[in-house]
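Ligands are counted one by one from 1 in listed order, and the atoms in each one are counted from 1 as well.
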Amino acid sequence: MIIELEENAPTEAKNNLHIRLQHMGFTVQSAGHTRLALVKGVDSFVRPADFQHLPHVSKVHSLKIRYKLASRACRNEDTIIDIKGVKIGGAELFVCGGPCSIESEQQLEACAVTIKTAGAQALRGGAFKPRTSPYEFQGMGEQGLKLLQQCGERHGLITISEVMDPSQVELVAHYIDILQVGSRNMQNFHLLKELGKMGKPVLLKRGFSATYQDLLMAAEYILSEGNPHVMLCERGIRTFETHTRNTLDLNAVPVLKELSHLPVIIDPSHGTGLRSLVTPMARAAVAAGAHGIIIETHPEPDRSISDAQQTLSFDAFRQLMHEVSVLHHAMRQEI
Ligand code: PEP
Ligand code: MN
């Protein structure tokens, strides 16, 4: 249920109504300057008419779609997430680079220098790795998080790292700026709820067999717990094609931007699984209107402990940055 206030309603009126509705027992979320959303199953037991008479209310409507807070119907303006001055979801192109797994201080340091000088804003690296085999490297854990935090601070880069389990949320949030939910965990609802209770931004990766609606419902779990800082990430889906690791679904960019106000990030590294395809698909993502891209890079890509085949060399990363910057600049001039 969305309650719209009169265009010129004072902020105080909105705040008062918010409190009043909470006292009536509803879970209320702000949804833009003049909108309040009542969430958590409300549509099934109350009617719009019940709220029409409240002060400064102009319109009340129930939402037929299942995702509410993630929808454009609930909030029309794009969500822009500001992390230490880096704005994600607006006119600037957001680029995150770094290794699949954090392996050592030297490896991270070399990545940080390269991506910072190339103009990227964020450093990624997994410390808790979701590996298909239990016999493969599982990540450096807390030690890796510490290295990522220190490296980010040294170079003025914000940081992204994956959290796999509700019990890790506090730890990862202590060190890292953006908590990544991996594809395999997109519907780990306990994890999503825990992330919703924490204030830090979340990069939510689409499950490789998830529909857009599944992804938006997963985002809804985080939003409905009170955390509005969610980014949606397309990272390739499973199809019948076996040449590439996954099929990067670039339809996701315009579709998600149409359905939702949340920033849309593309991961062409996991989306293709092949080094030679990463830069072309990064360009395509930017051309399609993605707010950002996330790219795996390593000082010695072939020696990367995980995802070596899709990992770019530093030269290739610099070239990618050059190409996407030119393209993004041209698009801002022309469109
Ligand atoms: C990763 O970013 O290294 C990763 C494991 O991503 P995904 O969950 O998309 O496979
Ligand atoms: Mn990876």
Crowded around Glu170 CD? As in, over 12 foreign heavy atoms under 6.0 Å? no
With clusters built from Ile, Leu, Val, Met, Phe, Trp and Tyr whose side-chain heavy atoms come within less than 4.5 Å, directly or transitively, what are the remaining members of the cluster of Ile237, listed by chain and number? none
Looking only at protein heavy atoms, which one is nearest to atom 6 (O) of ligand 1, and what is the separation? Lys205 NZ, 2.9 Å
For atom 4 (C) of ligand 1, what is the nearest protein heavy atom, given as residue, atom name and distance? His270 NE2, 3.4 Å
For atom NZ of Lys193, decide whether the heavy atoms of other residues, nucleotides or ligands shown that lie under 6.0 angstrom number more than 12. no
Cys100: numbered ligand 1 atoms lying under 4.0 Å from its heavy atoms: 3 (O)
Between Tyr67 and Tyr212, does the ring centre distance come in under 6.0 Å? no
Judged on heavy-atom distance to atom 2 (O) of ligand 1, which of Arg124, Lys129, Met164, Glu162 sits nearest? Arg124
Please identify which atoms of ligand 1 are closer than 4.0 Å to at least one heavy atom of Gln180. 1 (C), 2 (O), 4 (C), 6 (O)
Asp78 and Arg72 ion-paired at < 4.0 Å: yes
Less than 3.5 Å apart, any donor N or O on the side chain of Ser101 or Ser306 sitting next to an acceptor on the other? yes
Below the 3.5 angstrom mark, is there an N/O of Asp267, backbone or side chain, next to an N/O of ligand 1? no
At a 4.0 Å cut-off, with the gap strictly under it, does some heavy atom of Gly126 reach an atom of ligand 1? no
What protein heavy atom lies closest to atom 9 (O) of ligand 1? Include the residue and the distance to one decimal. Arg235 NE, 2.6 Å
Heavy-atom contacts with Ser183 under 4.0 Å: which atoms of ligand 1 show up? List them by number with element. 7 (P), 8 (O), 9 (O)
Take atom NZ of Lys197 as the centre, draw a 6.0 Å sphere, and report whether it contains more than 12 heavy atoms from other residues, nucleotides or ligands. yes
Anything protein N/O/S under 2.8 Å from the Mn ion (ligand 2)? Just list residue and atom, please. Cys100 SG, His270 NE2, Glu296 OE2, Asp307 OD2
Do Gln187 and Tyr221 have side-chain N/O donor and acceptor atoms under 3.5 Å apart? no
Consider only side-chain N and O atoms of Asn15 and Glu12, and report whether a donor and an acceptor are under 3.5 Å apart. no
Test item: side-chain donor near acceptor, Glu296 and His270, under 3.5 Å: yes
Is there a side-chain contact between Thr114 and Thr297 in this structure, where contact means two heavy atoms from C-beta onward sitting under 4.5 Å apart? no
Can you list the ligand 1 atoms lying under 4.0 Å from a non-hydrogen atom of Gly182? 8 (O)
